[in-house]
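Beneath this line is the structure, given in structure tokens, with notes to follow.
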Amino acid sequence: MSTSFSRARRRNMGIAATAVAFVVFILPFLFTFLMAVKTKKEAALFLFSWPSEWHFWANLTEVIKARNYMLLLAYFNSTVITVAAVAGLVVFGAMVGYVLQRRPSGWNRVIYAGVLMGLMVPPAVVPTIWVLQGLGLFKTIHGMVLIQVAYGLAFSVLLYRSFIGTIPRDLDEAAIIDGAKPLAIFFKVILPLLKPVTVTLIVVQSIAIFNDFTNPLYYLPGKDNVTVQLTLFNFQSQFQSQFNLLFMNILLVTIPPLLVFIFFNRQIVAGMTAGAVKG
Amino acid sequence: MTASSSSVVLKNLAKSFGAVDIIKGIDLVIEPGEFCVFVGPSGCGKSTLLRLISGLEEATSGTIEIAGRVVTDAEPSERGIAMVFQSYALYPHLTVRQNIGFGLSLAKRPKAEIEAKVQAAASVLQLGPLLDRKPKALSGGQRQRVAIGRAMVRDPAVFLLDEPLSNLDAALRAQMRIELTDLHKKLGATMIYVTHDQVEAMTMADKIVVLNAGRIEQVGSPMELYNHPVSPFVAGFIGSPKMNLITGPAAAALGCTTYGIRPEHLDLSTTEGQWQGRIRHVERLGAESVLYLQTEAMGELVIRLPGQDCPAPGSIAFVTPRAGRSFRF
Ligand SMILES: Nc1ncnc2c1ncn2[C@@H]1O[C@H](COP(=O)(O)OP(=O)(O)OP(=O)(O)O)[C@@H](O)[C@H]1O
Ligand SMILES: [Mg+2]
């Protein structure tokens, strides 16, 4: 009796969860896709309807060709910024987290307080631009990379620091006895063990940085510096009523993060539970 | 693989953490090829002393000589030592083969040489079929052997082992005790072994160093320590069950501050003897029995008798210390 009841209940819960997931995740995506393949006129109606004519290829090529292939340039810029910034976040985050966790000296406490500040204090745009201008980094891709690293570093340092706390110090000492210098200990013993956190960090940060809209808007103006999210902004002003193209653009911009997510999905879950169980 | 064995000489070695003195001036000579065991209660500084020798911890004062060379300020890897940790400290992301060869590959030795040394260590330790496994897929005893293998390929002059058997169950511990003793004979290397288990100390050591609160209480062979303990601390630490140690007026009446007599050196009788008491508790172990006798004169005494025949709890009994077997401190 009770088992059949709970089984039915479990099934109902499953159906409910699937329905919610469908409404929240699949419907918007479906809507975007349907809009993207419609004609200009039909799209302007904003109806959740099956397109009367399929304009997939026409819309696709038009979006890509728009403004002298701006979307491709944006893909390139965003990819460069994302890869460089995430690489920086992983290497520096892990190194700083390692030193903070393993060598508690007076200075490290000050640095740790600084890291916590980095999480709490909201970034101020105008002074940041002054600093960038002073350093000659304003409107440059590497300047943008540094901004993204600076904004994300506090989080990644904290994540790595707490995970490194679960790695026994004996391992470091065994490596010291085996003749490893500090850099070798870090790269050959510690960093490989941080893989679960690293994967999580890569996914979370690369999606955030690739999809970033406001920071490139403030710190990276200029036609040559366009990033993917800004191509939407450009479209909206130029094709005021061409919603089919706008949605096609959205679709194209959504795909890379989606691929990253699907590809790393399994590891992310593993990474989030990794610290929980000893072994 | 015979390592050249070396002596270890500690001179007035001390270590403080901040204001707390943990090791308080240790002078010790360990001969080449000796199996030396540090024993003492928890927190007495055994691990710290071992880590000072290994170089993982810096000495506050004093000197350390290994193989006649002063290494007090040398890097751990330059001291000619290898260490086996209580937790084994195997690298979880590397296979057994890579774990054992890690130090050699760091030193950029040729691949063939690394492989040969790993194979040699694996055959001594019977790790051959496990070389491609990760530590996760090994049992406790196998992990232990990998940790020893990793120490062996370094060809160390001195092996340092910090409670290597404490994570194993009793049966495996007994087996590993024998294997380690055999390995010591085979390699001929100097070994320094930390334990708080006096059975391990008695069965494996050539020389036992009893530590108490950062100082050496006594140094000697197992039988020297058993037969001639210099202090009540050593007397109580070596031997199982523990020696009966009587203090206070009862000891003063016998002309000392602490009177000691081992449980196996008390003779029991139901009719007559030096001290009378009531048997409070009996533990029968088959080959021997342990009795707890509550006496008027000496407080509670533990008595060890061979065999299973002994008086029932609650009955009156007499004990007499065997002549020449008691200690007065
Ligand atoms: N890094 C450290 N900082 C401060 N105190 C320490 C440090 N390492 C050890 N101690 C202290 O030194 C004392 C001796 O520690 P040690 O680990 O050498 O004991 P032990 O004899 O090995 O004990 P056990 O049998 O429990 O392993 C302990 O009181 C411990 O708290
Ligand atoms: Mg210890």
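We name chains A, B, ... by the order of the sequence lines, and we start the count at 1 in each one. Only heavy atoms go into these numbers, but all of them, side chains included; no hydrogens, no water, no symmetry mates. Quick caveat: nothing in here was measured; it's all calculated off a predicted structure.
More than 12 heavy-atom neighbours from other residues, nucleotides or ligands sit within 6.0 angstrom of CZ on A:Arg169. Counting heavy atoms of neighbouring residues, nucleotides and ligands inside a 6.0 Å radius, atom CE of A:Met13 does not exceed 12 of them. Within 6.0 Å of NZ in B:Lys24 there are more than 12 heavy atoms belonging to other residues, nucleotides or ligands.
Within the 4.5 angstrom heavy-atom criterion, no atom of B:Leu160 approaches chain A. Interface residue B:Ala82: only backbone heavy atoms are found under 4.5 Å from chain A. With a 4.5 Å cut-off on non-hydrogen atoms, B:Phe85 touches chain A through its side chain but not through its backbone.
Residues of residues 174-190 of chain A lying under 4.5 angstrom from chain B, judged on non-hydrogen atoms, are A:Ala174, A:Ala175, A:Ile176, A:Ile177, A:Asp178, A:Gly179, A:Ala180, A:Ala184, A:Lys188, A:Val189 in numerical order. Within residues 72-89 of chain A, no residue has any heavy atom closer than 4.5 Å to a heavy atom of chain B.
Once rounded to the nearest 0.5 Å, the distance linking CG of A:Leu193 with OH of B:Tyr91 reads 10.5 Å. Here the CD atom belonging to A:Glu173 is positioned 4.0 Å from the CZ atom belonging to B:Arg51, to the nearest 0.5 angstrom.
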